[in-house]
Amino acid sequence: MAANPLQGIKSIKDLAIENKRVFLRVDFNVPLDKNNPSVITDDSRIREAIPTIKHALERGARVILASHLGRPKPGKTAGLGMEPCGARLAELMSIEVHVPEDCIGDAPKKVIGDLRAGQVCLLENLRFHEEEEKDDADFAQKLASLAQDGVYVDDAFGAVHRAHASVHAIAKLFPERGCGFLLEKEIAALGKLVLGADKPYVAVLGGAKVSDKIAVIEALLGQVDALVIGGAMANTFLAAKGVRVQASRVEEDKLALARTLLEKAAEKKVEILLPVDVVVAPDLESTEGKTVRVSEIPEGTMALDIGPDTVAAFARRFATAKTIFWNGPMGMFEKKAFAGGSFGVAQAMADSNAFTVVGGGDSAAAVHAAGGDIAKKMGHISTGGGASLELIEGKKLPGIEVLRT
Ligand code: ADP
Ligand code: MG
């Protein structure tokens with residue numbers, strides 16, 4: 001039996017929160033409209049926190065929500081206040097959400113003291129205090145004092161890889177602590193891959209650069225039966241094997257590393273699948289492509305997607321897999337002409353009988369863009385970029401470890 005990644009971590013289901021104060025760390029770090037920062041362009045992160053908030057409210061808890069938003073510079077708070085998030089949450093849940101003018105001190109104390117049943121307090125942006133990112137003990141104490149004798153619940157998966165005050169230092173100040181539903185789901189799904197994925201285990205990697213993913217590739221080589229490589233990353237591997245990829249994006253300084261990784265894979269008997277055909281175009285501005293064998297990429301063109309034969313080969317490998325993890329799009333999927341590879345891989349994963357997990361911001365976006373019921377058919381789509389990759393690498397994440405009691 002594989003170890004349980006949630007060992008020692010209480011779920012909010014098992015915490016005595018009835019009529020208590022609950023300090024709930026959420027990830028409301030939503031994308032904002034560049035021209036009008038009071039407009040939230042994608043509210044998924046707010047929606048994903050609702051089951052946990054609802055659970056707490058239904059048990060009469062007084063809920064104190066806390067989040068960071070963006071990267072405010074010291075003393076510059078304009079456009080990064082939590083008010084728009086509070087307004088959206090109020091709308092989505094049909095509840096009253098009060099946003100005090102600060103996250104510590106008298107302003108939140110007053111708001112929390114006045115809270116009535118069914119109302120919540122959303123603290124002002126934690127990063128307005130630079131102590132947040134310093135994991136400052138005193139700042140953590142001030143936050144914790146808002147939920148005196150209460151319970152700490154973390155549901156901010158996107159932030160657990162950072163040792164910041166609201167996800168790390170604060171947790172130890174609450175004997176009663178645990179995870180919300182979203183964090184629980186993330187740890188269970190990604191933790192299962194690391195601690196005991198059912199085999200054969202196939203990992204699919206793509207995306208912009210090899211250099212972004214070196215640690216993940218190295219970690220996966222010790223875990224998987226096959227590594228499927230697409231996206232711009234594949235160009236560097238193809239070039240390392242002597243394929244003339246012409247104008248394709250290649251990380252020249254990573255060619256030696258790519259060779260070493262291929263040798264390591266051979267030693268560990270990890271099967272490597274690279275593209276056999278690609279969709280090429282003259283440049284990144286192109287809106288039309290042409291499918292060619294990788295050995296016949298025309299001079300002056302670059303590979304912007306994997307081709308249909310490659311998708312078919314990848315799909316054949318998926319058919320016998322019991323676990324599939326995907327990170328990194330297979331091509332420049334933001335353009336229709338170069339989306340076929342990513343959508344094809346998404347479809348093949350959805351059709352397989354394996355436990356399927358998708359991690360990474362752009363990969364998750366590709367799965368949603370693929371449409372139909374593809375997203376629904378995935379075992380798990382992770383909401384965290386950095387956090388999901390660090391978990392896959394087998395790292396211990398500060399915001400998760402501190403929850404164990
Ligand atoms: P994730 O966010 O899922 O971890 P990455 O950020 O690593 O993924 O990579 C996503 C980006 O890689 C996308 O913007 C996509 O357009 C780009 N990309 C993938 N393949 C290619 C390619 N062959 N040429 C150029 N860009 C590519
Ligand atoms: Mg990305």
Side-chain angles (χ1 to χ4, degrees), residues 29 31 42 44-45 157-158 161 186 190 203-217 219-220 227-239 243 245-251 254 258 274-292 294 297-298 300-308 310-311 314 324-346 349 356-370 374-375 378 380-393:
N29 183 29
D42 179 1
S44 317
R45 286 185 164 168
F157 180 63
H161 58 310
E186 293 277 8
L190 295 161
V204 188
L205 290 179
K209 293 194 221 132
V210 179
S211 44
D212 289 344
K213 311 275 164 83
I214 297 167
V216 189
I217 302 173
L220 285 171
L227 195 57
V228 170
I229 303 177
M233 183 195 282
N235 300 332
T236 301
F237 281 94
L238 288 170
V243 174
V245 296
Q246 306 295 355
S248 303
R249 286 194 160 178
V250 169
E251 289 163 272
K254 293 289 175 293
L274 285 166
V276 291
D277 61 346
V278 286
V279 183
V280 299
D283 53 53
L284 293 167
E285 308 314 315
S286 313
T287 51
E288 256 176 74
K290 186 175 151 223
T291 302
V292 298
V294 290
I297 300 176
T301 68
M302 62 203 303
L304 293 174
D305 194 12
I306 58 173
T310 302
V311 173
F314 290 0
I324 307 173
F325 170 68
W326 179 23
N327 168 266
M330 297 289 100
M332 204 170 66
F333 76 99
E334 295 89 345
K335 280 195 190 150
K336 203 166 163 233
F338 312 107
S342 299
F343 293 177
V345 159
M349 279 178 72
T356 52
V357 177
V358 181
D362 292 299
S363 316
V367 168
H368 290 295
I374 290 179
M378 295 293 180
H380 181 69
I381 301 176
S382 179
T383 53
S388 62
L389 291 185
E390 287 195 24
L391 261 189
I392 288 293
E393 284 164 35

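Residue numbers count from 1 along this sequence. All values below come from the heavy atoms of this structure, side chains included, with hydrogens, waters and symmetry mates left out. Atoms within a ligand are numbered from 1 in the order they appear, just like the ligands themselves.
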Check your understanding: Got the closest protein heavy atom to atom 8 (O) of ligand 1, with its distance?
Key -> Pro329 CD, 3.4 Å
Practice item. Measure from atom 2 (O) of ligand 1 to every heavy atom in Leu284, Leu304, Asp362, Val279 and give the option owning the shortest one. Key: Asp362
Check your understanding: Any side-chain heavy atom of Val204 within less than 4.5 Å of one from Met330?
Key -> yes
Practice item. Using a 4.0 Å heavy-atom threshold (strictly under), name the region of Leu389 that reaches ligand 1: side chain, backbone, both or neither. Key: neither
Review point. What heavy-atom pair brings Ser248 and Val245 nearest, and what distance separates the two atoms?
Key: OG-O, 2.7 Å
Exercise for review: Within a distance under 4.0 Å of any heavy atom of Gly328, pick out the atoms of ligand 1 and give their elements.
Suggested key: 3 (O), 8 (O)
Exercise for review: Can you establish whether the number of heavy atoms outside Lys209 located under 6.0 Å from its atom NZ is more than 12?
Suggested key: no
Practice item. Flag the pair Ile217 / Phe237 as yes when at least one side-chain heavy-atom distance between them is below 4.5 Å, and no otherwise. Key: yes
**Study point:** N/O/S atom of Asp212 inside 2.8 Å of the Mg ion (ligand 2), strictly under
**Key:** no
Check your understanding: If you measure from atom 13 (C) of ligand 1 to every heavy atom of Glu334, Met332, Lys335, Lys209, which option wins on shortest distance?
Key -> Glu334
**Study point:** Part of Ala303 with heavy atoms under 4.0 Å of ligand 1, whether side chain, backbone, both or neither
**Key:** backbone
Review point. Is there a side-chain contact between Val345 and Phe333 (heavy atoms, below 4.5 Å)?
Key: no
Exercise for review: Pick one of side chain, backbone, both or neither for how Lys213 approaches ligand 1, counting any non-hydrogen atom pair under 4.0 Å.
Suggested key: side chain
Point to revise | Contacting atoms of ligand 1, where contact means under 4.0 angstrom from a heavy atom of Gly207 | key: 7 (O), 9 (O), 12 (O), 19 (C)
Revision key, fill the gap. Only residue of Leu389, Ile229, Leu220 satisfying side-chain contact (heavy atoms from CB on, under 4.5 Å) with Lys213 is Leu389
Revision key, fill the gap. Ligand 1 to Gly231, heavy atom cutoff 4.0 Å, flagged ligand atoms 20 (N), 23 (N)
Exercise for review: Check Ala337 against Thr287 and note the closest heavy-atom contact, atom names and distance.
Suggested key: CB-O, 3.2 Å
Revision key, fill the gap. The closest protein heavy-atom partner of atom 19 (C) of ligand 1 is Gly331 O, 3.3 Å
Study note, to complete from the structure: min-distance protein heavy atom vs atom 3 (O) of ligand 1 -> Ser363 OG, 2.4 Å
Review point. Quick one: does Arg249 get within less than 4.0 Å of ligand 1, heavy atoms only?
Key: no
Practice item. Would you check the N or O atoms of Asn235, main chain and side chain alike, for any that come under 3.5 Å of an N or O of ligand 1? Key: no
Point to revise | Heavy atom of the protein closest to atom 21 (C) of ligand 1 (residue, atom name, distance) | key: Ala232 N, 3.4 Å
Review point. Minimum heavy-atom separation for Met302 to Leu284, with atom names?
Key: SD-N, 3.9 Å
Check your understanding: Taking atom types as modelled and ignoring hydrogens, do the side chains of Glu186 and Ser388 form a donor-acceptor contact shorter than 3.5 angstrom?
Key -> no
Practice item. Count the heavy atoms of every other residue, nucleotide or ligand shown that sit under 6.0 Å from CD of Glu288, and state whether that count exceeds 12. Key: no
Check your understanding: In Asp362, which N, O or S atom comes closest to the Mg ion (ligand 2)?
Key -> OD2
Study note, to complete from the structure: min-distance protein heavy atom vs atom 12 (O) of ligand 1 -> Ala208 N, 3.3 Å
Point to revise | pair Phe325-Ser382: side-chain heavy atoms closer than 4.5 Å | key: no
